Amino acid sequence: MHEIKLKIQEEKDLYDPFDESCRTLNSDVADYLSRQYGRQEIGEDTVLKIKCGGPVDFERVKGAFQETIREQERHNAAQKKLNLIKQLWLLCIGVVFVAAAILLDGVIGSVPVELISIVGSFAVWEAANIWIVENPRIRLAKRTLKRLNSTKIVVEQAEDTTE
């Protein structure tokens with residue numbers, strides 16, 4: 001069991017200060033949670049323990065946590081679509097330039113042909129880079145969000161030490 005402890009003074013510290021409805025986690029809290037999730041073992045269940053000096057609305061915390069996950073899922077889905085468009089565009093450009101270099105070989109000088117070939121090769125390489133590097137990163141983030149969704153949240157009242 002991987003345990004993440006989060007200590008706050010007041011419940012409002014959890015939420016984005018610009019979000020009047022308190023439906024979004026503070027970016028510092030979200031970053032902290034991301035770093036902590038990175039430390040857990042694969043397949044390990046996670047418990048988020050929030051210790052607060054005052055009362056906490058558990059349902060609001062849970063809702064903000066889930067909204068943050070949904071927001072990240074939407075971002076990942078949009079990035080995946082953008083990557084697909086970029087891949088197709090770069091691949092098409094690359095194929096056109098490489099084909100042009102092949103067709104123009106012997107018609108124009110060797111330097112322009114090489115330049116056209118290099119541009120085409122670079123475009124194909126960039127499309128492959130998205131497929132090999134960026135898309136797996138998005139899939140990993142998707143799996144992490146799935147694990148985040150199954151996180152158990154526990155709210156504890158902090159002990160008063162002002163005696």
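Position 1 is the first residue of the sequence, and the numbers go up from there. Please read these numbers as outputs of a predicted model, since none were measured by experiment.
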Checklist entry - When you measure from the side chain of S34 to the backbone N and O of A30, does any donor-acceptor pair fall under 3.5 Å? => result yes
Item to check | Point-to-point distance, once rounded to the nearest 0.5 Å, from CD1 of I93 to CH2 of W89 | outcome: 4.5 Å
Checklist entry - Atom CD of E67 and atom OG of S21: how far apart are they, to the nearest 0.5 Å? => result 8.5 Å
Checklist entry - Have D19 and T24 got a donor and an acceptor in their side chains that come within less than 3.5 Å? => result yes
Checklist entry - Are V113 and V98 linked, directly or through other ILVMFWY residues, by side chains that come within less than 4.5 angstrom of each other? => result no
Checklist entry - Are L14 and N26 close enough that some pair of their side-chain heavy atoms sits under 4.5 Å apart? => result no
Item to check | Test item: L48 and F65 side chains (from C-beta on) under 4.5 Å apart, heavy atoms | outcome: yes
Checklist entry - According to a 4.5 Å side-chain heavy-atom criterion applied to Ile, Leu, Val, Met, Phe, Trp and Tyr, with indirect links allowed, do V107 and F97 form part of one hydrophobic cluster? => result yes
Checklist entry - Of all heavy-atom pairs between V124 and V95, which one has the smallest distance, and what is that distance? => result CG2-N, 4.2 Å
Checklist entry - Is V133 reachable from W131 through a run of hydrophobic residues whose side-chain heavy atoms are each under 4.5 Å from the next? => result yes
Checklist entry - Near R60 CZ, under 6.0 Å, is it more than 12 heavy atoms from other residues, nucleotides or ligands? => result yes
Item to check | Test item: H2 side-chain N/O and Q36 main-chain N/O as donor-acceptor pair under 3.5 Å | outcome: yes
Checklist entry - Should V47 and T151 count as side-chain neighbours, where that means a heavy-atom distance under 4.5 Å? => result no
Item to check | Closest non-hydrogen atom pair between I116 and A100, with its separation | outcome: CG2-CB, 4.2 Å
Checklist entry - So which of N76, I69, T68 actually passes side chain to side chain contact (heavy atoms under 4.5 Å, CB included) with Q72? => result N76
Item to check | L25/D16 under side chain to side chain contact (heavy atoms under 4.5 Å, CB included): CA gap, chis, key distance, verdict | outcome: CA-CA 5 Å; L25 288 180; D16 190 318; over 6 Å; no
Next on the checklist: I'd like to know if the side chain of D105 reaches the main chain of A101, judged simply by a donor and an acceptor atom lying under 3.5 Å from each other, with no hydrogens or angles considered.
Outcome noted: no
Next on the checklist: Could you measure the distance from the CG atom of N149 to the OG1 atom of T46? Nearest 0.5 Å is fine.
Outcome noted: 12.0 Å
Checklist entry - Taking C-beta and beyond as the side chain, do I50 and V154 meet within less than 4.5 Å on heavy atoms? => result no
Checklist outcome for this item: Value for CD (E71) from CZ (R23), rounded to nearest 0.5 Å, stands at 10.5 Å
Item to check | Verdict with supporting geometry, R74 and R70, side chain to side chain contact (heavy atoms under 4.5 Å, CB included) | outcome: CA-CA 6 Å; R74 285 190 296 270; R70 282 191 295 274; 3.8 Å; yes
Item to check | Distance-only polar pair, side chains of Q87 and N83, donor-acceptor under 3.5 Å | outcome: no
Item to check | Salt-bridge contact E3-K49 (side-chain N to carboxylate O under 4.0 Å) | outcome: yes
Checklist entry - How many angstroms lie between NZ in K80 and CD1 in I85, if you round to the nearest 0.5 Å? => result 13.5 Å
Item to check | Closest contact, heavy atoms only, F58 versus I153 | outcome: CE1-O, 3.3 Å
Item to check | D57 side chain reached by E11 side chain, heavy atoms, under 4.5 Å | outcome: yes
Next on the checklist: Counting only heavy atoms from other residues, nucleotides and ligands, does the tally under 6.0 Å from OH of Y15 exceed 12?
Outcome noted: yes
Checklist entry - Any side-chain heavy atom of N135 sitting closer than 4.5 Å to one from I130? => result yes
Checklist entry - To the nearest 0.5 Å, how far apart are CG in L6 and CD in E156? => result 11.0 Å
Next on the checklist: Taking Y32 as the starting point, is it possible to reach V56 by hopping between hydrophobic residues whose side chains are less than 4.5 Å apart?
Outcome noted: yes
